[in-house]
Amino acid sequence: MSFKEKINPARLPQHIAVIMDGNGRWAKQKGKLRVFGHQNGVLAVRDTVEAAAELGIKFLTLYAFSTENWNRPKFEVNALMQLLISTIRKETKTLTDNDIRLQAIGDIDSLPTGCKRELKEAIDLTSGNKRMTLVLALSYSSKWEILNAVKRIAGEVAEKRISISDIDESLFNSFLCTANFPDPELLIRTSGEQRISNFLLWQIAYSELYFTNKLWPDFRREDLYEAILDYQSRERRFGKTSEQIVS
Ligand code: IPE
Ligand code: IPE
Ligand code: MG
């Protein structure tokens, strides 16, 4: 039986988040520039997005560019922004053909104008699509997001629009970029690194973490299926005992 056939469709995660890592090392192994790895990473994105939508995953969040990634050499940052523009332009039709809605989280205002324009256009064009929501994390970091939420909540309190006692998990959630998405049940990171790198710290409080040594440009739908199967083999206890979960 293939990995896909073994997946229980009744126990799919609603939301999968992916830290797409290893593009640079993949290129280096082939004696190429890091940018070559990013270009090939696009193929992995396409296959993963299609497979997730076909399976019935409702939300897929891809960590594409972190706040910290602005500190990379200018040449690489520019190449990544160019790649983002050309990929969004090329893939918008595929998103629509697959009934996929595009959304973005992060400090979108910090992106170059061309990027923002392309992104906004694709978000608008796909806004009516229903099968799956693809969320791109761009110029995103969790500490930025949390600080941003705290500042806005403090502003609301200062203006007396909310009181301190109103601040609970649900209110805090509503001030995050992910306000309209459920928390991911499964977080995948490629490339063998076992860290979170400032991604969705609040939202992954109870996510299952899955690490694979595959470098991102080599990641394909079979790898996604394998990660989902692994997820389905786990017992999610949320602080309770195993006996409570079983009964
Ligand atoms: C992930 O691959 C892509 C981005 C962070 C933009 P890397 O570029 O981090 O590749 P490695 O980790 O250096 O191999
Ligand atoms: C995390 O990868 C960010 C993205 C995948 C966009 P990095 O390659 O930037 O992470 P670190 O710096 O190795 O932790
Ligand atoms: Mg990396």
Side-chain angles (χ1 to χ4, degrees), residues 15-49 52 59-91 102-112 114-116 118-119 134-148 176-178 181 184 186-204 207 209-220 223-224 227:
H15 184 174
I16 299 178
V18 186
I19 303 176
M20 311 184 289
D21 196 19
N23 296 353
R25 278 164 282 168
W26 185 89
K28 198 171 174 196
Q29 282 176 3
K30 297 188 156 40
K32 307 267 192 189
L33 294 176
R34 297 177 53 82
V35 172
F36 183 69
H38 299 315
Q39 287 160 348
N40 280 274
V42 176
L43 305 175
V45 170
R46 191 181 297 144
D47 206 47
T48 305
V49 169
F59 298 87
L60 178 68
T61 298
L62 302 179
Y63 201 8
F65 193 84
S66 73
T67 307
E68 288 77 19
N69 289 149
W70 289 113
N71 299 320
R72 290 191 178 192
K74 204 166 183 292
F75 170 77
E76 182 170 345
V77 171
N78 288 343
L80 278 165
M81 293 301 146
Q82 278 311 316
L83 189 62
L84 187 63
I85 295 178
S86 62
T87 305
I88 295 173
R89 195 172 293 161
K90 259 191 267 165
E91 302 294 328
L102 184 69
Q103 293 275 287
I105 56 172
D107 186 7
I108 302 306
D109 278 341
S110 70
L111 297 173
C115 248
K116 266 187 287 199
E118 215 59 52
L119 193 60
L134 170 65
V135 185
L136 292 183
L138 293 168
S139 191
Y140 174 89
S141 77
S142 199
K143 287 191 175 182
W144 166 83
E145 176 187 41
I146 289 171
L147 282 177
N148 188 43
L176 296 175
C177 308
T178 51
F181 318 133
L186 171 62
L187 171 70
I188 300 173
R189 181 170 190 148
T190 59
S191 90
E193 306 298 355
Q194 302 197 359
R195 55 176 172 259
I196 303 300
S197 302
N198 218 346
F199 192 42
L200 303 177
L201 297 176
W202 168 276
Q203 298 87 340
I204 60 166
S207 302
L209 309 182
Y210 179 86
F211 298 102
T212 166
N213 287 330
K214 273 268 169 91
L215 300 175
W216 178 252
D218 287 331
F219 194 89
R220 287 296 178 274
D223 301 297
L224 178 74

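Remember, it's a predicted structure, so these values are computed and weren't measured experimentally. Note that ligands are numbered from 1 as they come in the structure, with each ligand's atoms numbered from 1 the same way.
- Excluding water, every protein N/O/S atom under 2.8 Å from the Mg ion (ligand 3) is given here by residue and atom: Asp21 OD1.
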Using a 3.5 Å cut-off on N/O to N/O, what pairs does ligand 2 make with the protein? A line per pair would be great.
residue, atom, partner, partner atom, Å
ligand 2, 8 (O), Asp21, OD1, 3.2
ligand 2, 8 (O), Arg72, NH2, 3.2
ligand 2, 9 (O), Asn69, ND2, 2.9
ligand 2, 9 (O), Arg72, NH2, 3.4
ligand 2, 10 (O), Arg189, NH2, 3.3
ligand 2, 10 (O), Ser197, OG, 3.4
ligand 2, 13 (O), Arg195, NH2, 2.8
ligand 2, 14 (O), Arg195, NE, 2.7
ligand 2, 14 (O), Ser197, OG, 2.5

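- Near His38, meaning under 4.0 Å from any of its heavy atoms, are these atoms of ligand 1: 3 (C), 8 (O).
- Contacts of Leu147 classified as side-chain contact (heavy atoms from CB on, under 4.5 Å), with partners at least two apart in sequence or in another chain: none.
- In this structure, OH in Tyr63 is found 10.0 Å from CD1 in Ile196, a value given to the nearest 0.5 Å.
- Of all the heavy atoms of Lys28, none lies under 4.0 Å from any atom of ligand 1, so neither backbone nor side chain is involved.
- Below 30°, between 30° and 60°, or above 60°: for Tyr140 and Trp144 the angle between ring planes is above 60°, a perpendicular geometry.
- Neither side chain, Trp216 nor Ser191, offers a donor N or O lying under 3.5 Å from an acceptor on the other.
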Step-by-step side chain to side chain contact (heavy atoms under 4.5 Å, CB included) determination, Phe199 to Ser66: CA-CA 8 Å; Phe199 192 42; Ser66 73; over 6 Å; no
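- For ligand 1, the polar-atom distance check finds no N/O of Trp26 at less than 3.5 Å from any of the ligand's N/O atoms.
- For Lys32, the NZ atom counts as loosely surrounded, since its 6.0 Å shell holds 12 or fewer non-hydrogen atoms of other residues, nucleotides or ligands.
- Taking OG1 from Thr48 and CE from Met20, the interatomic distance works out to 9.0 Å, rounded to the nearest 0.5 Å.
- Using a 4.5 Å heavy-atom cutoff, the side chains of Arg34 and Arg72 are in contact.
- Under the side-chain hydrogen bond (donor to acceptor under 3.5 Å, both in side chains) criterion, Thr190 pairs with no residue at all, not counting sequence neighbours.
- Inter-residue side-chain proximity for Asp223 and Asp218 is flagged as unmet; no heavy-atom pair is nearer than 4.5 Å.
- Ligand 1 places these atoms under 4.0 Å from at least one heavy atom of Arg34: 7 (P), 8 (O), 10 (O), 13 (O).
- The structure places CD of Glu68 at 5.0 Å from OG of Ser141, a figure rounded to the nearest 0.5 Å.
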